[in-house]
Number of protein chains: 2
Amino acid sequence: MARNKRLQDREEKQKEIMSAARTLFLNEGYDATSMSRIANIAGVAPNTIYWYFKDKDELLVNILNTELIDRFSTYIELQTKNIIERILWVIDQFKLVKQLVTTVHGRLHLSPEIYIWHERFHILVENLLRQELIQSGVEEGRIEAKVKIAIFTVEGLLAHELTDDEKHAICSELFKL
Amino acid sequence: MARNKRLQDREEKQKEIMSAARTLFLNEGYDATSMSRIANIAGVAPNTIYWYFKDKDELLVNILNTELIDRFSTYIELQTKNIIERILWVIDQFKLVKQLVTTVHGRLHLSPEIYIWHERFHILVENLLRQELIQSGVEEGRIEAKVKIAIFTVEGLLAHELTDDEKHAICSELFKL
DNA sequence: ACCTGAACACCGTTCAAGT
DNA sequence: ACCTGAACACCGTTCAAGT
């Protein structure tokens with residue numbers, strides 16, 4: 001199975017590069033992380049990364065996707081807790097990705113890949129919030145506006161440093177009525 | 001008045017640089033605008049900018065401040081219209097600055113100047129929204145949470161492209177009850 | 001197919017040298 | 001005081017050349 005061996009090697013190398021990029025992106029931020037540093041940690045030449053990924057943006061989108069899948073699958077197993085606790089959990093989880101929220105917004109109109117990823121992400125989260133709002137008994141006509149307010153608030157809570165008490169008060173207010 | 005002449009020249013040159021930077025920052029974005037292009041339009045050598053401004057971030061903060069003062073002073077004269085119209089006006093005004101909202105959030109932790117500016121800006125807008133919410137009769141205990149939700153929503157409306165109807169529905173929902 | 005050294009066309013910023 | 005040319009230490013990315 002030479003074919004499979006090759007494929008496995010390729011995936012492994014890809015994962016090494018992504019893992020190096022992931023830690024750097026999360027700790028230092030996207031702009032502050034150079035391809036050279038990623039390559040250094042992954043143990044390859046800087047231009048080798050371009051064999052596995054089209055460019056820096058595609059590398060970011062790949063990391064965002066695996067990150068999203070990981071968190072989302074554990075979210076599903078959280079249906080026992082109440083709405084506010086679930087939303088707070090989401091915010092807490094995404095604290096790590098906080099740096100990248102701003103990066104994504106900033107690169108929307110520079111990278112088509114990121115634009116598409118962002119659209120998909122919003123639809124996903126909006127569906128999730130809509131379901132939560134329906135379940136908590138918000139009347140039909142107000143749901144769409146409330147969904148938008150909710151997602152903007154979640155983004156705000158990610159972008160700005162607030163205390164746990166403030167976060168809790170805001171989430172309660174969000175799902176009141 | 002050689003002294004005054006000098007001062008005037010200095011301010012004029014500063015304004016020329018800021019005006020060049022302003023148009024480029026708003027149209028192309030902060031990162032996409034190089035100091036060379038700014039210098040080119042302002043008619044100076046790239047490094048001359050550093051005689052007038054400490055660095056690119058300080059240049060941005062200066063532009064943000066004059067922009068803020070301009071818009072804010074006309075906002076004061078808007079007290080006749082109702083709350084929703086006033087907020088929609090704010091969002092419409094800041095559409096131009098949209099690009100820079102993301103930039104500011106992205107550079108918060110890279111530049112102390114921008115960090116301080118952002119804090120001041122938030123306090124200003126929060127005071128404004130708090131006043132609006134008090135006037136529309138929101139009960140004491142819920143005001144602080146509602147203020148945060150309102151400011152996050154305004155930021156969200158700036159960062160994301162929505163239709164006028166959606167914007168209106170969201171603002172009405174924000175100031176309901 | 002996979003990886004690299006060298007190069008390209010940029011950055012923001014500094015500094016010695018000019019006026 | 002004001003302005004500049006030249007240089008510095010970077011970027012992300014490309015490409016011809018190797019295995």
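In the text below, chain A, chain B and the rest are named by the order of the sequence lines, each starting its count at 1. Note that the coordinates shown come from a computational prediction; the quantities given were computed from them, not determined experimentally.
- We find that CH2 of B:Trp51 is positioned 21 Å from P of C:dG12, with the value rounded to whole Å.
- C:dC15 atom C1' lies 18 Å from atom NZ of B:Lys54, rounded to whole Å.
- Relative to the side chain of B:Ala45, the nucleotides D:dG12, D:dT4, C:dT4 differ in distance, and D:dT4 lies closest.
- Between A:His105 and B:His105, the gap from one ring centroid to the other reaches at least 6.0 Å.
- If you check C:dT14, D:dG12, C:dC3 against the side chain of A:Lys13, the one that comes closest is C:dC3.
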Inset, instruction - I would like to know whether A:Asp57 and A:Tyr30 meet side chain to side chain donor-acceptor pair (under 3.5 Å); could you show each step before the answer? - result: CA-CA 9 Å; A:Asp57 285 311; A:Tyr30 179 80; 2.8 Å; yes
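- Contact of the B:Ile149 side chain with the A:Ile170 side chain is registered, since non-hydrogen atoms from C-beta on lie closer than 4.5 Å.
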Inset, instruction - Using the side-chain contact (heavy atoms from CB on, under 4.5 Å) rule, take A:Ile87 and A:Leu174 through it: C-alpha gap first, then chi angles, then the decisive distance, then the call. - result: CA-CA 10 Å; A:Ile87 300 297; A:Leu174 219 47; 5.6 Å; no
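- Going from atom CZ of A:Arg10 over to atom P of C:dC3 covers 9 Å, rounded to whole Å.
- Residues B:Gln99 and B:Glu28 are not in side-chain contact: their nearest non-hydrogen atoms beyond the backbone lie 4.5 Å or more apart.
- A chain of hydrophobic side-chain contacts below 4.5 Å, direct or via other Ile, Leu, Val, Met, Phe, Trp or Tyr residues, connects B:Val61 to B:Phe72.
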Check the interface with nucleotides 16-18 of chain D: list each N/O to N/O pair with the protein under 3.5 Å, or write none.
none

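- At a threshold of 4.0 angstrom between heavy atoms, the contacts of A:Thr48 include nucleobase atoms, whether or not backbone atoms are also involved.
- Residue B:Tyr52 has its side chain nearest to D:dC3 when only D:dT14, C:dC3, D:dC3 are considered.
- Linking ILVMFWY residues whenever their side-chain heavy atoms come closer than 4.5 Å, directly or via other members, leaves B:Ile69 and B:Leu128 in distinct clusters.
- Proximity of B:Ile151 to A:His160: side-chain heavy atoms (C-beta onward) are nowhere separated by under 4.5 Å.
- Nearest nucleotide to the B:Val44 side chain, out of D:dT4, D:dT13, C:dG12: D:dT4.
- One can place CD of A:Glu28 at 16 Å from C1' of D:dC11, the figure rounded to the nearest angstrom.
- If you chain together hydrophobic residues whose side chains sit under 4.5 Å apart, A:Leu162 and B:Leu108 never meet in one group.
- You'll find that the side chain of A:Tyr50 is closest to D:dT13, out of D:dC11, C:dG12, D:dT13.
- Where DNA chain C pairs in unbroken runs of 3 or more (Watson-Crick or G-U, both distances under 3.5 Å), the stems are C:4-8 with D:12-16, C:12-16 with D:4-8.
- At whole-Å resolution of the value, CD1 in A:Ile49 and P in D:dG12 are 9 Å apart.
- Here the CD1-CE distance, from B:Ile17 to B:Met35, works out to 8.5 Å after rounding to the nearest 0.5 Å.
- We find that CG of A:Asp31 is positioned 19 Å from P of C:dC10, with the value rounded to whole Å.
- Atoms CD (B:Glu12) and P (D:dC2) sit 13 Å apart, rounded to a whole Å.
- Ranking D:dG12, D:dT13, C:dT13 by closeness to the A:Asp55 side chain, first place goes to D:dT13.
- For A:Ser36, the listed nucleotide lying nearest its side chain is D:dC11; candidates were C:dT13, D:dC11, C:dC2.
- Per the geometry, CG belonging to A:Leu59 stands 11 Å off P belonging to D:dG12, to the nearest Å.
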